[in-house]
There are 2 protein chains.
Amino acid sequence: MLVQAARQVIAERGLHATTLRDVAAAGEVAVGTVTYHFSGIAEVLAEVLRAEMRDYSEPIMASAAAAPEGREALRHMVSGLLADGRRARDHWRLWLDFWALSVHESAYAQWQREIYAQLHALVQRGYLAGYADGSLPCPAGVTPAAAGADSGRATAAADAAAREAAVRFVALMDGLVVQCYLPQAVISPATARELLLTALFPPSRPSLPASRPPEPSRPAPTGVPGGPTDRA
Amino acid sequence: MLVQAARQVIAERGLHATTLRDVAAAGEVAVGTVTYHFSGIAEVLAEVLRAEMRDYSEPIMASAAAAPEGREALRHMVSGLLADGRRARDHWRLWLDFWALSVHESAYAQWQREIYAQLHALVQRGYLAGYADGSLPCPAGVTPAAAGADSGRATAAADAAAREAAVRFVALMDGLVVQCYLPQAVISPATARELLLTALFPPSRPSLPASRPPEPSRPAPTGVPGGPTDRA
DNA sequence: CGGCTAATCGGGCGGCTGTACGATTAGCCC
DNA sequence: GGGCTAATCGTACAGCCGCCCGATTAGCCG
């Protein structure tokens, strides 16, 4: 498939360095064949993006949506989207090009807005379900009943709390992607998964709120040894 | 300055759509003048990135490093890096191009690795200082003393906890950037700042950090993201 | 077989790119 | 003024880009 060939080229050279002739060569066809099936290079790239969403992202979302528990839904997303291996890495590197593209191409910006809206909604539902079924700890001011455990309908406050959690969840995931899938990454996907999963639960310290003995005897000089080290 | 002109062009058209002639036109000089001062278009772009770091990012890092308290240091970073207005927006949009670029240009990947290493170190120092001076709540297993309140030196466990917090802080910031500075953003920079600040404190605990009573009341955990506040 | 269509091919074209380079100017020192 | 250098200019050129389009092939049907 030409789209797969194009995807391969993009993974190697990047979105902006991918030419019609590259795609044709990778697909072992002539350039005319590419322009025969697609209106232009832009349509090829758009199709790659669309296929990538369909093949990689959507199955994960579907399995998350089908999870019986809220916590399981979010866990599916974490393990699926922050997976090990080249597949996930290439997917996110492509997505990075997508981000940059959407800054100056309004059509892509609009599309991305829709994708994020769906993602937010899905994660929000996961949180709400988790609050309701007890698989996720409720934030302050929310009870399982308020999340819809009995009635099936969440209160406005629970809805807002779940939405805030969803925005944070998605942001944390996006940021971890940057740190674990770019070249020269300093953390592994496994570490990223762990960090994201622990964020699902408030790091409620094992009580002992008052038993911590030591008073900070002095203001502490806040040692800041070296300033931000410059580079040439 | 030619670099400023180039920065303007990049902000409008994007990194890959910026040509020598665009830069020359924006700087009101001839193309030959650009190639006289720079070895090529690549050097122009690299110089723009370097200048952007020097002018925007480094002052914020410096003010964070100079903050007397750990919490204040991180607050400086949040308010400076997730600011309102076009300046911060353009900075992060340029940074997005940088991410995409570093995927396939190893020199940029290496540079970015160094920048993230510095960023992690700075945030980690902020957390450690905050644990020690009581301005930030200690995570499980860490005490102010362990963070170096008395000795000035943190234990390995406190160091690791602060590093984990730093990775999470940076990831959350990067992810919020994506959601609030891209076109069609669904959250505002103000909402992003609020989300990041509440992440500094364990979300579900209304009690104060147990260190000292004279602490002004905290925004409390109920920070509801308002509706999608777009901007032009 | 003749006729039709879908698919493929590849040469060619106009346009834009980065870069090289000689011509020109401005400032400065002796 | 004469000589030198830094800076600027604009044209020229080779190369690559997306895209067009006529030629060619393969498959199918009556």
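Order of the sequence lines fixes the chain letters, A, B, ..., with proteins taken first and strands second; residue numbering starts at 1 for each chain. Predicted model, so just to flag it, every value in this text is computed and none were measured.
Computed from coordinates, the Leu45(B) CG to dT17(C) P distance equals 13 Å when rounded to whole Å. In this structure, His16(A) atom NE2 and dT17(C) atom P are separated by 15 Å, rounded to whole Å. Counting to the nearest Å, the P atom of dC9(C) and the CD atom of Glu28(A) are 10 Å from each other. Atom CG of Leu2(B) and atom C1' of dC9(D) are 13 Å apart (whole Å). Going from atom CZ of Phe38(B) over to atom P of dT8(D) covers 11 Å, rounded to whole Å. The CG-P distance, from Asp22(B) to dT19(C), rounds to 14 Å in whole Å.
Out of dC9(D), dC19(D), dA7(C), the shortest distance to the side chain of Thr35(A) is found at dC19(D). The side chain of Ile41(A) lies closest to dC19(D), out of dC19(D), dA7(D), dC9(D). Taking the side chain of Leu20(A) as heavy atoms from C-beta on, and the options dC19(D), dG18(C), dA6(D), the nearest nucleotide is dC19(D).
Side-chain polar atoms of Gln179(B) and His120(A) form a donor-acceptor pair below 3.5 angstrom.
Comparing Ala30(B) and Arg21(A) along DNA chain D, the residue whose closest nucleotide (by nearest heavy atom) sits nearer the 5' end is Ala30(B).
The residue Val31(B) sits close to a base: some heavy atom pair falls under 4.0 Å. Within 4.0 Å of Gly32(A), counting heavy atoms only, lies at least one base atom of the nucleic acid.
Regarding contacts with the backbone of dA6(C), every side-chain N or O of His37(A) stays at 4.0 angstrom or more from both OP1 and OP2. Tyr36(A) has a side-chain polar atom (N or O) that falls below the 4.0 Å cut-off from OP1 or OP2 of dA7(C).
With contacts defined as side-chain heavy-atom distances shorter than 4.5 Å, the pair Asp174(B)/Asp174(A) does not qualify.
Taking the six-membered ring for Trp and thresholds of 30 and 60 degrees, Trp92(A) and Trp95(A) have ring planes more than 60 degrees apart, a perpendicular arrangement.
Electrostatic pairing of Arg87(A) and Glu52(A) counts as a salt bridge here, judged by a charged N lying under 4.0 Å from a carboxylate O.
In this structure, the ring-ring contact (aromatic ring centres under 6.0 Å, His included) partners of His91(A), at least two apart in sequence or on a different chain, are Tyr56(A).
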